[in-house]
Amino acid sequence: MDIIHLLPDSVANQIAAGEVIQRPASCLKELVENSLDAQATRVQVIVRDAGRTLLQVIDDGVGMSEMDARLAFERHATSKISDAKDLFSLRTMGFRGEALASICAVAQVEMTTRRAEDETGTLIEIHGSDVVRQEVCSCPVGTNIKVSNLFFNVPVRRKFLKTDQTELRNLLTEFYHIVLVYPKVNFTFVHNDEIILELPAGTEKQRIEAVFGNPKRNVYTSAFVDIHTDTELVSIRGFVVKPEAATRKAEQYFFVNGRYMRHPYFLKAVQTAYSGMLTADYQPSFFIYFDIAPEAIDVNIHPTKTEIKFADEQTIFQILMASVREALGKFTLAPQIDFDTNGNIDIPLPQNITTSRPQVTHDPSYNPFHTRNTVYPDRTPKNWESLYEGMPTSRDLNISTSRPKDPVIPMADTAPLWQYGARYIVMPTEEGLLLINRHRAHIAVLYAQFMEQLGTNQGAMQQLLFPEILQLPQDEMVLVQTLLPDLRTIGFDLEQLSPDSYSIQGIPAQLANQSAVPVLQEIIRNVRERGADTRAEWREQIARSLAQSAAIPYGKTLTETEMRDLVQRLLALPDYRRLPDGKIIVSLLSNEEINKRF
Ligand code: ADP
Ligand code: MG
């Protein structure tokens, strides 16, 4: 029995019209969705030149009859709905019967297809909507469709394609959206004869890890927390990561009834659930699957749009937020530590740090003017005069004042300094009041110190009274192995204990009294998250993690000497204004601003 029929115009018009095929990625999406609608268990994608030259999809689905093979390329030909009301109970990916018609209008298409019940299959070749060949052929059950020279007859479209790199990325993005909802289907993706992804059938979690569990993407299911909520309105399940596994570039996916969707409002719900657990620029990865009655969502979805409207978004927002919060609550065993009475700390600190608060490591014999700055030897201050050189000026500080001249901010070791609140040091200068963020200042000073030690000499080590054990998953063991020489240089004493653990006997002196394990975990996390691939890059990450771990917490009061020492060391840095990540350390409240107030 032939199953494809033409939709009546009335129905066809109810479906939002739209350009279906805009780029190779949209073509790939339509083809793969067709394979899944045809119940394929194995889908192979073969791409050449990011889809410009070839986009081929091979499936082992139900195939088509000879008649259907021809009809499939007609506009509004679909086997999936026959009536307008079917639109409201859609459970297939495609339904418009537009995709193949649109594709064959702008490419050279060759398809072979066979149903299990047929002895022979059908080969059909169409160039720009003209059928150039249709014949009986022998082929496996399923459908093999080859789209060559996309937009061969639409030069404008061809011109609008981006670089192969970008188009390939678009192809993969589209591919991820689909493979994440079909973990039971086998997928492969080949580009220019190279296997880019090979995804065996498995569970959702296994699929997520197969796609994103690599150092570039950094999503590992070991950090997942399950969420699950069933209500009359909606059922929500999926995975969110523990707050400490948040990253700068997170993978955030919503799916509804087996379709990827973007939903900025629901994203807000997830972010709200994490509020207070993350630093500003860290984001949690999540994979959240909604199941909802098709009547409750707008099904008249534009094929290239991924935003979907729900009937009752506010209620779902609440349900989603509560669901994520609850899941996180279960797994956040230790309360978040907050040194800052104002409740917003800049850097997430290891959780068990309460037992050993970081100390200011102050060396009373330290004299900033005798220290050789080996990282930036040309900036090493030698005496008072040279210290003034390159001292901050209003221009350096990036603050506009109406003064035309460029005065130097004086700094004497008798200059008054005050600690203001829990966060700042205030220093009067010729230009106004210089506000120094104490915590950041300390990070900057320590960062420079650690970088120097990593580059040139051995950092001092503090022997631990009780050796600690660092247990790690396989991939992190490999990472630590890579970092080992640098970790030792900086003052960690660690030996491999077993295939999945290290014993730690010593810690860099600046971190004395701290627990070594969270400090090392922070290093691993930073190296992974920021994709440090070269030695220089991972050294930066080591230095940065250590600086953050060792820096004075906001709440602590410094002694006069500690404060002065910190300011002098800070101002001796070549860039004392900003942290490596761009956060500002100092800010000038200019005389002009002050005078204006009176
Ligand atoms: P739609 O998917 O919206 O129905 P398409 O133009 O994508 O429209 O496909 C038209 C029809 O061709 C489908 O309804 C289906 O019957 C048939 N078809 C397309 N691709 C396949 C495939 N890979 N396997 C089996 N049938 C297919
Ligand atoms: Mg389709």
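What you see below is based on every heavy atom in this structure, not just the backbone, and it leaves out hydrogens, waters and symmetry mates.
Side chain to side chain, Glu251 and Tyr253 meet the donor-acceptor criterion of an N or O pair below 3.5 Å. Checking Ser275 against Thr272 by side-chain atom types alone, no donor-acceptor pair falls below 3.5 Å. Between Glu529 and Gln541, the side chains place no donor N or O within less than 3.5 Å of an acceptor N or O (distance only, hydrogens not considered). In this structure, a donor-acceptor pair under 3.5 Å is absent between the side chains of Glu476 and Gln521.
Taking a cutoff of 4.0 Å between a charged side-chain nitrogen and a carboxylate oxygen, Asp193 and Arg48 qualify as a salt bridge. Between Glu33 and Lys29 a salt bridge is recorded (basic side-chain N to carboxylate O distance below 4.0 Å). Under a 4.0 Å N-O distance rule, the pair Asp226/Lys205 qualifies as a salt bridge. Arg525 has no carboxylate O lying under 4.0 Å from a charged side-chain N of Glu244, or vice versa, which leaves the two without a salt bridge. With respect to Glu204 and Arg207, no salt bridge is recorded, no charged nitrogen being found less than 4.0 Å from a carboxylate O. Arg539 and Glu537 are not joined by a salt bridge, as no carboxylate oxygen comes within less than 4.0 angstrom of a charged side-chain nitrogen. For the pair Asp230 and Arg237, the salt-bridge criterion is not met [side-chain N within less than 4.0 Å of a carboxylate O]. Salt-bridge annotation for Arg42 and Asp60: absent, with no side-chain N of the basic residue lying under 4.0 Å from a carboxylate O of the acidic one.
Across all non-hydrogen atoms, the minimal contact from Ala105 to Ser129 is CA-OG, 3.3 Å.
Note that Arg158 lies outside the cation-pi zone of Phe151, set by a 6.0 Å cut-off to the ring centre and a 45° limit from the axis.
Phe266 has its ring centre less than 6.0 Å from the ring centre of Phe290. Taking the six-membered ring for Trp and the full ring otherwise, His177 and Phe255 have centroids separated by 6.0 Å or more.
Partner Phe287 forms a ring pair (Phe, Tyr, Trp, His ring centres under 6.0 Å) with one of Tyr260, Phe212, Tyr176 and no other, that one being Phe212.
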